[in-house]
Trainee: 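Before anything else, here's the structure in question.
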Amino acid sequence: MLPSDEEREMLRESLRRLLERLWPAERAIALAADTQAIASIWHALAEQGVASLGRDPLEGGLREITVALEELGRAGCPAPLVGAVLVNMVLSPLRSSSQETDDLLDALHRGDATIAFALGSFDGDPCAGTLRWNSDRLQGCVDFAEGCATATHVLVLADQGPLLVVVPRGAPGLAIEETPGLAIPPLARLTFDCVAAVPLAISQQLAEDLHQIAGLALLARSLGAAQRGFDMAVEYAKERRQFGQPIGRFQALQHKLANALMSLEAARLLLNNAARSYDFGMDNWRVLGASARAFAGPSLRRVALEVHHTFGAVGYSEEHEAPRHFRRIHADLARLGGVRRAREQLAQALLDQGQALPEQDLGTAGNAFRVEVRDWLKDNWVPESREDEIDRPYEEWGYDTRFTALLGRKGWNSLSWPSAYGGEGRTPREQLAFMEEIQRVGAPMGGRGDIQAHALMSFGTPAQKAEFLPKLARGEITFCLGYSEPGSGSDLASMQTTAERDGDEWVINGQKIWTTAAEKADYMWLAARTDRTAQRPHAGISLFIVPMKTPGLTVRPSMAMYGHTFCQEFLDNVRVSAHALVGEVNQGWTILTSALATERMMMGSFIANARAEFECLVRCVREVDDSLQSGRTDGAVRDRIGALAAQVEAGRQLFMNSIEMAEKGKAPIHEAAMSKAYTGELMEQLGQVSLDILGAAATLSKGAHGAVAAGWFEQLLRFSIVTVIGGGTAEIQRNLIALHGLGLPRS
Ligand SMILES: Cc1cc2nc3c(=O)[nH]c(=O)nc-3n(C[C@H](O)[C@H](O)[C@H](O)COP(=O)(O)OP(=O)(O)OC[C@H]3O[C@@H](n4cnc5c(N)ncnc54)[C@H](O)[C@@H]3O)c2cc1C
């Protein structure tokens with residue numbers, strides 16, 4: 001059995017303790033320049049089994065390897081683990097084939113051997129050099145070799161075969177020249193002048209896989225360094241005072257740190273996902289690995305910069321920890337072809353080999369439900385104006401009573417509800433499967449009333465539950481959300497609409513605005529002020545169910561940019577019965593914020609939409625004649641496709657993370673905020689990049705001569721802004737991340 005999550009955490013803990021003891025932060029720079037110190041930490045790590053990682057997946061697979069490298073990166077310790085991993089992976093299956101191999105492995109696992117490595121023409125960097133195998137001798141020159149300062153052996157790849165060769169450091173004809181730079185200890189140039197060696201023929205695939213594994217290992221190390229720098233910066237932001245307050249209270253800084261947290265979390269999730277797929281023997285680990293590297297490159301480098309910006313001058317001193325992490329992050333992420341190589345790998349998979357982004361593993365039940373929903377949609381969702389398989393008309397997105405009733409008959413309007421209320425009690429993963437499939441084909445989601453149903457289940461009276469839940473489940477009624485007011489958007493608690501008790505009735509006066517599809521709804525889920533004297537504005541709000549046909553309620557629709565309506569409502573002495581109140585008087589804020597939290601989490605599911613748009617873009621690029629601009633042979637297009645693929649994958653991981661939190665019964669406050677903010681902005685970016693890649697044709701609407709993908713891109717571009725503003729703007733999400741995810745003071 002593969003090691004468990006708990007065992008991985010134990011490994012992390014024990015390595016952290018060991019490194020804190022033997023490689024303390026205050027001495028890390030001096031120790032890294034001391035070959036004796038590196039040799040002795042390597043022995044200590046070997047005693048913990050670290051030098052054997054990669055030998056047997058049951059003892060520790062790629063996930064354990066990345067944990068160990070994260071800890072080394074965090075401690076600023078250059079112990080030569082990457083070379084050891086490569087040797088273990090290739091030579092361990094050959095144990096007992098030769099005495100030399102056995103001796104090398106034994107010495108490595110004891111901590112007596114240390115391996116430098118350079119991948120030559122498999123490095124991914126065009127300047128890495130090449131080695132040739134001529135008449136039983138190695139000849140050539142390779143750059144960017146890591147771990148030479150203490151190495152007893154060097155591992156290299158030579159062109160013909162390919163061949164993997166492990167050469168003792170003192171082999172006649174091998175010259176090692178340090179090439180100082182950002183990396184500490186420095187990388188080196190290896191010159192082989194007729195060096196005698198015993199080569200091992202390996203497959204092209206294995207050579208490419210070793211490159212990928214080394215790349216993920218370096219990513220893990222830079223992630224550890226980035227996380228450490230970031231943790232220190234956040235603590236500093238809480239303590240350092242300027243202008244009479246902690247600098248962590250300045251929103252400019254909060255939002256940069258919130259962005260950095262998103263980057264770190266996404267990079268970690270991508271790395272874990274790729275390593276997990278590798279450990280489980282899934283082919284998709286290569287695409288997932290390339291996604292992790294393509295995403296992490298620019299993101300973690302940005303984190304390193306923000307760390308420095310937060311520290312100001314104090315972090316610029318070489319005595320501070322920040323510079324060593326800055327060097328490590330930049331040196332590691334530029335290696336092995338860096339971001340460009342990873343993006344090109346993705347472009348090859350998607351554009352040349354016609355692969356799709358890997359399906360998310362939603363577990364047995366989730367995967368099975370995905371297939372069920374997909375099959376059902378084939379029979380039940382056929383947009384009338386469909387012209388080809390990528391035509392999904394966004395004008396029809398939203399409320400579609402016919403379709404909602406169909407979902408009701410199937411029981412899927414209430415799939416997330418507990419069975420006590422007639423629901424299917426589906427897990428968050430199954431709900432995700434449903435949302436992904438619905439969004440993949442652009443079927444309508446609006447009007448299912450999940451927000452109201454869940455709030456009613458928690459706060460409604462028995463009569464309200466009996467009246468509304470069955471109708472919502474059958475898709476017979478729809479609600480609109482009456483929260484926003486002309487003066488109250490993000491600051492909802494400042495709302496001015498009032499509800500006053502008059503006998504058995506409530507009398508509501510005020511104005512609501514931006515209400516989606518109010519003109520089609522049967523009821524408004526309305527928030528109003530019921531105590532004008534409450535000391536905290538949140539404390540005086542209550543929630544009501546208001547039938548849209550109630551006298552005094554006037555609806556004035558206007559057209560929103562995405563081709564849908566939103567409305568203004570004027571409430572002039574609107575009288576509703578006392579039974580219209582949901583929950584207790586003045587309890588509205590609790591109901592409203594728990595509903596907003598659900599909405600925030602669900603808005604992350606727009607990542608399924610982003611994925612569909614991205615896949616449509618890939619199809620369009622594939623179909624463009626290669627002789628034209630924007631064809632799949634255009635290097636700039638390939639680079640952007642690779643970058644976007646990684647970003648979409650990152651968004652999927654962030655969303656999955658908040659789903660997993662919910663599954664564990666924890667409220668994913670800042671996790672959902674990260675997923676929501678990231679996804680919305682990615683949607684916008686997808687829209688923008690589509691125009692860059694496809695040009696003016698992508699701005700044409702459905703039906704226009706020359707329109708691409710039946711006008712889908714221009715529709716989505718217009719729509720994308722909603723995903724940033726709706727459900728709490730991206731800035732509000734960042735405020736939440738700063739407060740709940742980083743513990744920074746309220747700005
Ligand atoms: C298509 C669409 C449909 C909608 N449907 C509904 C609906 O059905 N029901 C409903 O009630 N509402 C709805 N809304 C309204 C939506 O919830 C609000 O637009 C949103 O909450 C933002 O409020 P606002 O537009 O007033 O912007 P404002 O709150 O005025 O914000 C303007 C800018 O200031 C920034 N800002 C505000 N406060 C802060 C802060 N504390 N820190 C940093 N930056 C800040 C915002 O991020 C934004 O960039 C809809 C909006 C759209 C676009």
Side-chain angles (χ1 to χ4, degrees), residues 249-259 394-395 397-399 445-452 455 478-497 510-529 537-538 541 543-544 546 548 555-569 571 588-589 591-593 595-600 602-603 606 609 673 676-677 680-681 683-684 715-740 744-747:
R249 185 169 278 148
F250 297 119
Q251 200 176 57
L253 211 51
Q254 290 192 345
H255 286 197
K256 279 161 165 267
L257 291 171
N259 287 345
Y394 258 67
E395 306 86 79
W397 192 92
Y399 287 60
M445 284 258 286
R448 291 192 306 116
D450 252 8
I451 290 174
Q452 292 76 22
T478 56
F479 278 80
C480 61
L481 269 185
Y483 293 165
S484 302
E485 297 182 5
S488 307
S490 301
D491 181 15
L492 259 187
S494 68
M495 66 180 64
Q496 295 300 316
T497 296
Q511 190 183 340
K512 294 287 171 184
I513 199 165
W514 319 130
T515 322
T516 301
E519 83 283 15
K520 298 175 192 160
D522 302 296
Y523 298 91
M524 177 177 282
W525 184 257
L526 173 130
R529 186 158 297 288
H538 311 85
I541 291 170
L543 261 170
F544 297 90
V546 181
M548 294 304 288
V555 179
R556 188 188 296 160
S558 63
M559 192 51 84
M561 193 168 73
Y562 72 138
H564 241 321
T565 53
F566 50 12
C567 308
Q568 280 189 72
E569 299 83 28
L571 298 116
W589 192 251
I591 304 173
L592 190 145
T593 45
L596 277 177
T598 311
E599 192 183 359
R600 188 164 57 235
M602 290 314 159
M603 282 196 77
F606 275 117
N609 213 291
K676 197 265 167 192
E681 287 168 354
M683 291 281 287
E684 288 184 346
Q715 289 173 39
L716 270 168
L717 180 63
R718 286 185 279 127
F719 170 69
S720 63
I721 297 171
V722 183
T723 60
V724 173
I725 299 175
T729 66
E731 288 74 27
I732 297 298
Q733 305 306 320
R734 286 187 171 85
N735 293 349
L736 282 171
I737 297 165
L739 194 64
H740 297 282
L744 293 174
R746 209 178 273 276
S747 59

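Order of appearance sets the numbers: ligands from 1, and atoms from 1 within every ligand.
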Trainee: Under 4.0 Å from a heavy atom of Thr729: give me the atoms of ligand 1 that qualify, with their elements.
Mentor: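 Counting from 1, the qualifying ligand atoms are 22 (C), 46 (C), 47 (O).
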Trainee: Distance under 4.0 Å to a non-hydrogen atom of Tyr483: what atoms of ligand 1 satisfy this?
Mentor: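 Result: 11 (O).
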Trainee: Counting non-hydrogen protein atoms only, what is the nearest one to atom 11 (O) of ligand 1? Give residue, atom name and distance.
Mentor: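 Closest protein heavy atom to atom 11 (O) of ligand 1: Ser484 N, 2.8 Å.
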Trainee: Tell me whether His255 has any N or O atom under 3.5 angstrom from an N or O of ligand 1.
Mentor: no
Trainee: Only heavy atoms of Val722, strictly under 4.0 Å: list the atoms of ligand 1 that pass.
Mentor: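 Matching atoms, with element in brackets: 1 (C).
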Trainee: Would you mind listing which atoms of ligand 1 come within a distance below 4.0 Å of any non-hydrogen atom of Ile732?
Mentor: 38 (N), 39 (C), 40 (C), 41 (N)
Trainee: Decide yes or no for Thr515 and Val555: does some side-chain heavy atom of the first lie under 4.5 Å from some side-chain heavy atom of the second?
Mentor: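 The answer is no; the side chains never approach within 4.5 Å.
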Trainee: Which part of Asn735 is near ligand 1, with near meaning a heavy atom under 4.0 Å away: side chain, backbone, both or neither?
Mentor: side chain
Trainee: Working to the nearest 0.5 Å, report the span between CG of Leu736 and CD of Gln254.
Mentor: 11.0 Å
Trainee: When you measure from atom 19 (O) of ligand 1 to every protein heavy atom, which one gives the shortest distance, and what is it?
Mentor: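 Atom 19 (O) of ligand 1 sits closest to the protein heavy atom Ile725 CG2, 3.4 Å.
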Trainee: Nearest 0.5 angstrom please: Thr516 OG1 to His564 NE2, how far?
Mentor: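 One gets 8.0 Å once the value is rounded to the nearest 0.5 Å.
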Trainee: Grab the two heavy atoms, one from Gly727 and one from Lys676, that are nearest each other, plus how far apart they are.
Mentor: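 Heavy atoms of Gly727 and Lys676 come nearest at O-CE, 4.2 Å.
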Trainee: Return a yes/no value: protein heavy atom under 4.0 Å from atom 17 (O) of ligand 1?
Mentor: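 At least one protein heavy atom is under 4.0 Å away.
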Trainee: Starting from atom 24 (P) of ligand 1, find the nearest protein heavy-atom neighbour and note its residue, name and distance.
Mentor: Gly489 CA, 3.9 Å
Trainee: So for Gln251, does at least one of its heavy atoms come nearer than 4.0 angstrom to any atom of ligand 1?
Mentor: yes
Trainee: Return the closest protein heavy atom for atom 49 (O) of ligand 1 as residue, atom name and distance.
Mentor: Glu731 OE1, 3.3 Å
Trainee: Checking contacts here: is it the side chain or the backbone of Leu481 that comes within 4.0 Å of ligand 1, counting heavy atoms only? Could be both or neither.
Mentor: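 It is both backbone and side chain that touch ligand 1.
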Trainee: Under 4.0 Å from atom 35 (C) of ligand 1, can you find at least one protein heavy atom?
Mentor: no
Trainee: Do the side chains of Ser558 and Phe566 get nearer than 4.5 Å, heavy atoms only?
Mentor: yes
Trainee: How close does the nearest protein non-hydrogen atom get to atom 3 (C) of ligand 1, and which residue and atom is it?
Mentor: Thr516 OG1, 3.2 Å
Trainee: Protein heavy-atom contact under 4.0 Å for atom 40 (C) of ligand 1?
Mentor: yes
Trainee: Within the supplied structure, the quantity of interest is the number of heavy atoms (other residues, nucleotides, ligands) at a distance under 6.0 Å from Trp589 CH2; does it exceed 12?
Mentor: yes
Trainee: Counting heavy atoms only, which of Trp525, Trp514, Tyr562 comes nearest to atom 25 (O) of ligand 1?
Mentor: Trp514
Trainee: Considering the options Gln568, Glu485, Gln496, which one meets the side chain to side chain donor-acceptor pair (under 3.5 Å) requirement together with Gln511?
Mentor: Gln568
Trainee: Going by heavy-atom distance to atom 28 (P) of ligand 1, choose the closest among Ala527, Ser490, Gly727.
Mentor: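 Looking at heavy atoms only, the winner is Ser490.
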Trainee: Who are the side-chain hydrogen bond (donor to acceptor under 3.5 Å, both in side chains) partners of Glu681, not counting sequence neighbours?
Mentor: Arg734
Trainee: Measure the shortest side-chain to side-chain distance between Leu739 and Arg746 over non-hydrogen atoms and say whether it is less than 4.5 angstrom.
Mentor: yes
Trainee: Hey, does Thr497 have a side-chain heavy atom less than 4.5 Å from the side chain of Lys512?
Mentor: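 Answer yes - side chains close enough.
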Trainee: Output all residues satisfying side chain to side chain contact (heavy atoms under 4.5 Å, CB included) with Met561, sequence neighbours left out; order by chain, then residue number.
Mentor: Arg718, Ile721
Trainee: Quick test: of every protein heavy atom, which one is nearest to atom 2 (C) of ligand 1, and how far off is it to 0.1 Å?
Mentor: Phe566 CD2, 3.7 Å
